[in-house]
Amino acid sequence: MPVRSRALPRSFFARDSRVLAPELLNKVLVRRPIGEPAGEATVPLLAARIVEVEAYCGAEDAGSHAYRGQTARNATMFGPAGHLYVYFTYGMHWCANAVAGEPGTASAVLLRAAAPLEGLDVMRARRPKARRDRDLLSGPAKLCAAFGITGALDAADLTKGELRILDDGTPPPAVPLVTTRIGLAAGKGDEHPWRFGVSADPNLSR
DNA sequence: GGTGTGATCGTA
DNA sequence: ACGATCACACCA
């Protein structure tokens with residue numbers, strides 16, 4: 001991790017989720033030890049380079065949890081950008097998003113896959129079923145499991161908390177992979193090309 | 001490489 | 001009921 005890595009400011013997140021999403025590719029998700037001071041030089045406990053994301057667009061997006069308005073579950077998405085929206089799905093999995101846009105827009109970017117950089121031993125211990133390291137973070141629920149992200153981290157501030165997204169100087173891909181989003185029912189937003197990835201990266205979800 | 005299926009529970 | 005999923009079984 002280069003010394004000049006720095007946490008992304010809130011202004012970085014406060015944009016349309018479809019603009020923010022590809023900009024998050026090649027940024028570094030880090031989790032620092034609990035209670036560790038927020039110095040820039042601290043070695044993170046866990047670090048991974050984001051290689052796959054999806055944009056969700058609130059009230060105008062049938063695929064978004066916010067499509068039918070605010071509830072207790074999705075309230076974080078209606079708040080300020082730069083916070084983490086964590087939800088539980090399929091009765092067993094947690095998934096994490098970076099809240100985007102202006103307050104009230106309820107847009108977010110789902111973190112779908114990442115390439116492990118640091119803390120591989122911790123990630124392997126949390127994901128004993130992953131046979132290869134490229135499977136540690138190759139899906140939104142896998143990523144949360146490996147990073148220990150649960151509902152307890154919903155609404156965490158990504159700009160200054162124990163969980164952050166850093167810019168280490170690696171630019172996003174000039175030409176990202178762009179496809180429709182995964183797991184949406186027909187007519188429920190599946191037509192929008194709002195999934196973005198680092199082409200041919202081995203850590204992409206299946 | 002691909003497809004099919006069961007697990008398991010909060011939310012609407 | 002159904003889901004912004006995963007892992008395993010199987011076939012190729």
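No hydrogens, no waters, no symmetry mates; every other heavy atom, side chains included, goes into these values.
- Along DNA chain B, read 5' to 3', the first and last nucleotides having any atom under 4.0 Å from a heavy atom of chain A are B:dG1 to B:dA12.
- The structure places CG of A:L25 at 8.5 Å from CD of A:E23, a figure rounded to the nearest 0.5 Å.
- Judged by distance alone, with hydrogens and angles left aside, the side-chain atoms of A:R18 form no donor-acceptor pair with the main-chain N or O of A:C57 at under 3.5 Å.
- Residues passing the side-chain contact (heavy atoms from CB on, under 4.5 Å) test with A:R124 are A:L120, A:D133, A:L136, sequence neighbours excluded.
- Against DNA chain B, the stretch residues 186-204 of chain A makes no heavy-atom approach under 4.0 Å.
- Going from atom CG of A:L110 over to atom C1' of C:dA4 covers 6 Å, rounded to whole Å.
- Atom CD1 of A:I182 is separated from atom C1' of C:dC6 by 14 Å (rounded to the nearest Å).
- Distance check: A:L8 CG to A:D167 CG gives 6.0 Å after rounding to the nearest 0.5 Å.
- A:S64 pairs by the side-chain contact (heavy atoms from CB on, under 4.5 Å) definition with A:Y56, A:D61, A:A66, A:M77, not counting sequence neighbours.
- Regarding A:R206, its CZ atom lies at a distance of 15 Å from the P atom of C:dT5, rounded to whole Å.
- Dashed line: the shortest gap from a side-chain N or O of A:H93 to OP1 or OP2 of C:dC6 is not under 4.0 Å.
- Whole-Å rounding puts the A:R181 CZ to C:dA4 C1' distance at 8 Å.
- Side-chain atoms of A:R31 come within 3.5 Å of backbone atoms of A:F147 as a donor-acceptor pair (strictly under, hydrogens ignored).
- Nucleic acid contact class of A:R68 (heavy atoms, under 4.0 Å, all strands): none.
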For a quick check, with a 4.0 angstrom heavy-atom cut-off, what is the B/S/- contact string for nucleotides 7-12 of chain C, read 5' to 3'?
S-----
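- Side-chain atoms of A:N26 come within 3.5 Å of backbone N or O of A:P171 as a donor-acceptor pair.
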Side chains of residues 101-111 of chain A: which donor-acceptor partners sit under 3.5 Å, not counting sequence neighbours?
from	atom 1	to	atom 2	distance (Å)
A:T105	OG1	A:E102	N	3.4
A:T105	OG1	A:E102	O	2.6
A:S107	OG	A:A100	O	3.3

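- Taking the centre and axis of the six-membered ring of A:F12, the NZ or CZ atom of A:R10 falls outside the cone set by 45° and 6.0 Å.
- Partners of A:T170 under the side chain to side chain donor-acceptor pair (under 3.5 Å) rule, at least two apart in sequence or in another chain, are A:R49, A:D168.
- Applying the side-chain contact (heavy atoms from CB on, under 4.5 Å) rule to A:R195 yields the partners A:E52, A:E54, A:R112, A:L177, A:T179, A:R181, A:I182, A:S205; only residues at least two apart in sequence or on another chain are considered.
- Where A:A185 and A:A141 meet DNA chain C, the nucleotide closest to each residue was compared, and A:A185 sits on the side nearer the 5' end.
- Classification of the A:Y87-A:H65 ring pair by plane angle, with boundaries at 30° and 60°, yields perpendicular.
- Atom C1' of nucleotide C:dC6 and atom CG of A:L137 are separated by 14 Å, given to the nearest angstrom.
- Under a 3.5 Å cut-off, the side chain of A:N74 and the backbone N or O of A:T71 do form a donor-acceptor pair.
- In DNA chain C, runs of at least 3 consecutive Watson-Crick or G-U pairs, each pair with both distances below 3.5 Å, span B:1-7 with C:5-11, B:9-11 with C:1-3.
- Contacts with DNA chain B (heavy atom under 4.0 Å) in residues 70-84 of chain A: A:T71, A:R73, listed by number.
- Atom OH of A:Y67 has 12 or fewer heavy atoms from other residues, nucleotides or ligands within 6.0 Å.
- Here A:G183 lies in heavy-atom contact (under 4.0 Å) with sugar-phosphate atoms only.
- Evaluation of the ring pair (Phe, Tyr, Trp, His ring centres under 6.0 Å) test over residues 187-206 of chain A, restricted to residues two or more places apart or in two chains, returns A:H192-A:W194.
- Applying the side chain to side chain donor-acceptor pair (under 3.5 Å) test to every pair with at least one member in residues 146-155 of chain A, sequence neighbours left out, gives these pairs: A:T76-A:D154.
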